[in-house]
Amino acid sequence: MAQAQEEKIRAFEIQKEAARQQKLSAQLDSAIYLSANGEYQAADDRFRVLLKSMRSISSDLVYHFGKNSFHLGKYKQSVDWLNKYIQLKGTSGQYSQEAVDWLKKAEAELLKEKREQSKQAAQVLSQDYDIDCGPTGKVTCPVCKGSTVIVKKGYMENTYKTCPYCKQKGFLDCDDYNLLLKGKLEPATTNR
C-alpha cells in the first residue's frame with residue numbers, strides 16, 4: 001500500500017513538472033513570437049520572467065534573448081548572450097550561423113557606442129573647466145613626475161633635459177596645471 005502511494009506521488013510530481021515545462025515552453029514561444037513581430041520590449045519582459053523561473057536555461061532562449069537584446073540597443077548584453085550560445089552549440093546548433101551574424105552586428109554596434117562615449121568624454125575634457133588642485137594649490141608635475149628632469153631613452157644612450165614646465169620645482173601651481181591640461185601652458189625655453 002505504501003509503495004502504491006509513493007508511486008502515485010512520483011507520478012503526480014512528474015505530471016506537475018511536465019506541466020511546468022510545457023508552460024515555460026509556451027512562454028518561450030510567446031517571447032520569440034513577440035520578438036519576431038518587432039515587439040522587442042514585450043519580448044524582453046517575457047524573456048526575463050523565463051530567466052528568473054527556469055532552473056536550466058535552454059540554448060534557444062540564450063540565442064533569442066541575445067538577438068532580441070540587439071534590437072533593443074543593448075549591444076553588450078547581446079554580445080554576451082550570443083557568445084554564450086556559440087559556446088554551447090558551436091557550429092552545429094540550429095541557430096549557429098544566425099548567432100554568428102547577429103554577433104558581428106552587435107560587436108560592430110558596441111564598437112560604435114564605445115567610440116561615441118570616447119568622443120563625449122573628450123568633449124567634456126576639452127571644455128573650459130578648471131580642475132581643483134586641493135588645499136595646497138599644487139600638483140606634482142605630470143610631465144616629469146616631480147623629478148624636474150625628462151629622460152628620453154635612446155638606442156645607444158639616454159638624453160636628459162630639464163622639465164620645461166615645472167621651473168625645476170617638480171610641481172605646478174593650480175593655474176599652470178589647468179593651462180597644461182588645456183594645452184595652453186608654454187614651456188620655458190631654457191634646456192640643459
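- Residues Cys174 and Asp132 approach most closely at SG-C, 4.4 Å, considering heavy atoms.
- Taking CD1 of Ile9 as the reference point, atom CD1 of Ile14 lies at 12.0 Å (rounded to 0.5 Å).
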Please tabulate, one pair per line, all N/O donor-acceptor pairs under 3.5 Å involving side-chain atoms of residues 51-60, not counting sequence neighbours.
from: Ser53; atom 1: OG; to: Val49; atom 2: O; distance (Å): 3.0
from: Ser53; atom 1: OG; to: Leu50; atom 2: O; distance (Å): 3.3
from: Arg55; atom 1: NH1; to: Glu17; atom 2: OE1; distance (Å): 3.3
from: Ser58; atom 1: OG; to: Leu61; atom 2: N; distance (Å): 3.2

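- The side-chain heavy atoms of Tyr75 and Lys112, taken from C-beta on, include no pair separated by under 4.5 Å.
- Under the side-chain hydrogen bond (donor to acceptor under 3.5 Å, both in side chains) criterion, no residue pair touches residues 134-151, with sequence neighbours excluded.
- Side chain of Ser96 to backbone of Gly90: a donor-acceptor contact under 3.5 angstrom is found.
- Side-chain contact between Leu28 and Leu24 is absent, with no heavy-atom pair separated by less than 4.5 Å.
- Salt-bridge check for Asp80 with Lys76: passed, with a basic side-chain N closer than 4.0 Å to an acidic carboxylate O.
- The shortest non-hydrogen separation linking Cys133 to Tyr177 is SG-CD2, 3.9 Å.
- Interatomic distance, Cys144 SG to Lys169 NZ, rounded to the nearest 0.5 Å: 12.0 Å.
- When all heavy atoms of Leu172 and Tyr165 are compared, the closest pair comes out as CD2-O, 3.3 Å.
- No single ILVMFWY cluster, assembled from side-chain heavy atoms under 4.5 Å apart, contains both Leu34 and Leu72.
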- Message: Under the criterion salt bridge (Lys or Arg N to Asp or Glu O under 4.0 Å), I'd like the reasoning laid out for Glu107 against Lys104: C-alpha separation, chi angles, the key distance, then a yes or no.
- Response: CA-CA 5 Å; Glu107 287 173 335; Lys104 287 178 186 175; over 6 Å; no
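- For Tyr40 against Ser35, the heavy-atom pair with the smallest separation is CE2-O, 3.2 Å.
- Leu82 places none of its side-chain heavy atoms less than 4.5 Å from the side chain of Val100.
- Two residues are said to be in side-chain contact when any heavy atoms from C-beta on lie closer than 4.5 Å; Tyr95 and Lys67 fail this criterion.
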- Message: Cys163 vs Cys141, test: disulfide (SG to SG under 2.5 Å). Steps then yes/no.
- Response: CA-CA 9 Å; Cys163 179; Cys141 178; 3.8 Å; no
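- Taking each heavy atom of Phe70 and Glu109 in turn, the nearest pair found is CE1-CG, 3.9 Å.
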- Message: The test is side-chain contact (heavy atoms from CB on, under 4.5 Å); show your working for Lys152 and Asn158 and say whether it passes.
- Response: CA-CA 6 Å; Lys152 278 191 173 182; Asn158 295 338; over 6 Å; no
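- Follow the hydrophobic side-chain contacts under 4.5 Å out from Leu179 and you reach Ile131 in the same cluster.
- Under the 3.5 Å distance criterion, the side-chain polar atoms of Asp173 are matched with a main-chain donor or acceptor of Asp175.
- To the nearest 0.5 Å, atom CD of residue Glu157 and atom OH of residue Tyr160 are 9.5 Å apart.
- Note that CD1 of Ile86 and NZ of Lys84 are 12.0 Å apart. Values are rounded to the nearest 0.5 Å.
- Remark: side-chain polar atoms of Asn68 are not paired, donor with acceptor, to backbone N or O of His64 under 3.5 angstrom.
- For the pair Lys105 and Trp102, the cation-pi test (distance below 6.0 Å, angle within 45°) is passed.
- In this view, Lys167 and Asp176 satisfy the salt bridge (Lys or Arg N to Asp or Glu O under 4.0 Å) rule, not counting sequence neighbours.
- In this structure a side-chain-to-backbone donor-acceptor pair under 3.5 Å is present from Ser78 to Gly66.
- Between Leu110 and Glu113 the shortest side-chain heavy-atom distance falls below 4.5 Å.
- Thr159 places none of its side-chain heavy atoms less than 4.5 Å from the side chain of Val151.
- Between Ala31 and Ala43, the closest heavy-atom pair is O-CB, 3.4 Å.
- Inspection of the Asp101 and Gln97 side chains reveals an N or O donor paired with an N or O acceptor under 3.5 Å.
- For the pair Asp44/His71, no side-chain contact is recorded, criterion being any heavy-atom separation below 4.5 Å from C-beta on.
- Counting heavy-atom neighbours within 6.0 Å of Gln22 CD, excluding the residue itself, gives a total of 12 or less.
- Note on Val62 and Tyr33: separate hydrophobic clusters, where clusters join Ile, Leu, Val, Met, Phe, Trp and Tyr whose side-chain heavy atoms are under 4.5 Å apart, directly or indirectly.
- In this structure, the side chains of Gln77 and Phe65 come closer than 4.5 Å at one or more pairs of heavy atoms.
- Glu6 has a carboxylate O that lies under 4.0 Å from a charged side-chain N of Arg10, or vice versa, which qualifies the two as a salt bridge.
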